[in-house]
Amino acid sequence: MKITNYGHSCFLIETQGHRLLFDPFISPNDMAKNIDIAAIKVDYMLVSHAHFDHLYDVESIGKQCGAKVISNWEIIEWYKKKGIEGHPMSHGGKWKFDFGTVWCTTAVHSSSFEDGSYGGHPCGFIIHNSEGTLYFAGDTALTFDMKLFPMLYPKIDLAILPIGDNFTMDSKAAALAAEFINCDRIIGCHYDTFGFIKIDADQAKSDFSTQGKELTLLPIGQSMDL
Ligand code: NI
Ligand code: MN
């Protein structure tokens, strides 16, 4: 699996000839202005919840490349009315897609569309295939449920966790989340995009190293391998 950071919580995962985009929010993000959104071609968009900073570009990308959405029931119905097809899931469930198995995990947050419409429950995703296992947490607090992950899912090789505080976990809680899910390699997300979530990068890294975990703050536009 190859992971590319498109800023905020938006990541491209390339795996087994398939391209997955998580939480598309690029065009309104000043920090991601060098990403050419018109060139993005993906097979699936995995959307954690209905807040604008996680799905702003779903419609344009969906229309430009025919990508399918994987998300909760309410978000799938929302995009179906706009002519974009999808696959609905909910917490605790899994489904075998052509690129691998996806589990839909709990996230403690909220989820409404920009106009106030109900956006279903927020979630995260675990992606598993023969190349490895990746956890994308979405916007969430630290939850005790994360302790169940090692009992329920394949060993997580890499996790994308929010660390920006205010709306989600801070880096100290996220380092504990890494411990709960038994994962040593973490990519941080949901930080620095706007005023409420500015972080001290050195402090964040030391919060993780205290737990014996490695935090990567992947520059926008850059990639790494699982
Ligand atoms: Ni949110
Ligand atoms: Mn958010």
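Keep in mind that the numbers below use all heavy atoms, side chains included, and drop hydrogens, waters and symmetry copies. We count ligands from 1, going down the list as the structure has it; atoms in each ligand are counted the same way.
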Could you label the plane-to-plane angle of the His54 and His49 rings as parallel, tilted or perpendicular, counting under 30° as parallel and over 60° as perpendicular? tilted
Is a side-chain donor or acceptor of Gln64 paired with a backbone partner of Ile37 at a separation under 3.5 angstrom? yes
Under-2.8 Å protein N/O/S neighbours of the Mn ion (ligand 2), ordered by chain then residue number: Asp53 OD2, His54 NE2, Asp139 OD2, His190 NE2
Taking atom types as modelled, is there a side-chain donor on Ser9 or Asp23 under 3.5 Å from an acceptor on the other? no
Run through Thr15, Asp98, Thr101 and flag the one making a side chain to side chain donor-acceptor pair (under 3.5 Å) with Asn129. Thr15
For the residue pair Phe196 and Phe194, is the inter-centroid distance of their aromatic rings smaller than 6.0 Å? no
Every N, O or S from the protein that is nearer than 2.8 Å to the Ni ion (ligand 1): His49 NE2, His51 ND1, His109 NE2, Asp139 OD2
Applied to residues 213-226, the salt bridge (Lys or Arg N to Asp or Glu O under 4.0 Å) test, sequence neighbours excluded, yields Glu179-Lys213, Asp184-Lys213
Applying side-chain contact (heavy atoms from CB on, under 4.5 Å) to Ala107 and not counting sequence neighbours gives Pro122, Thr140
Proximity of Tyr135 and Phe149 rings by center, below 6.0 Å: yes
Using a distance-only test with no angle check, is there a side-chain donor-acceptor pair under 3.5 angstrom linking Asp57 and Ser27? yes
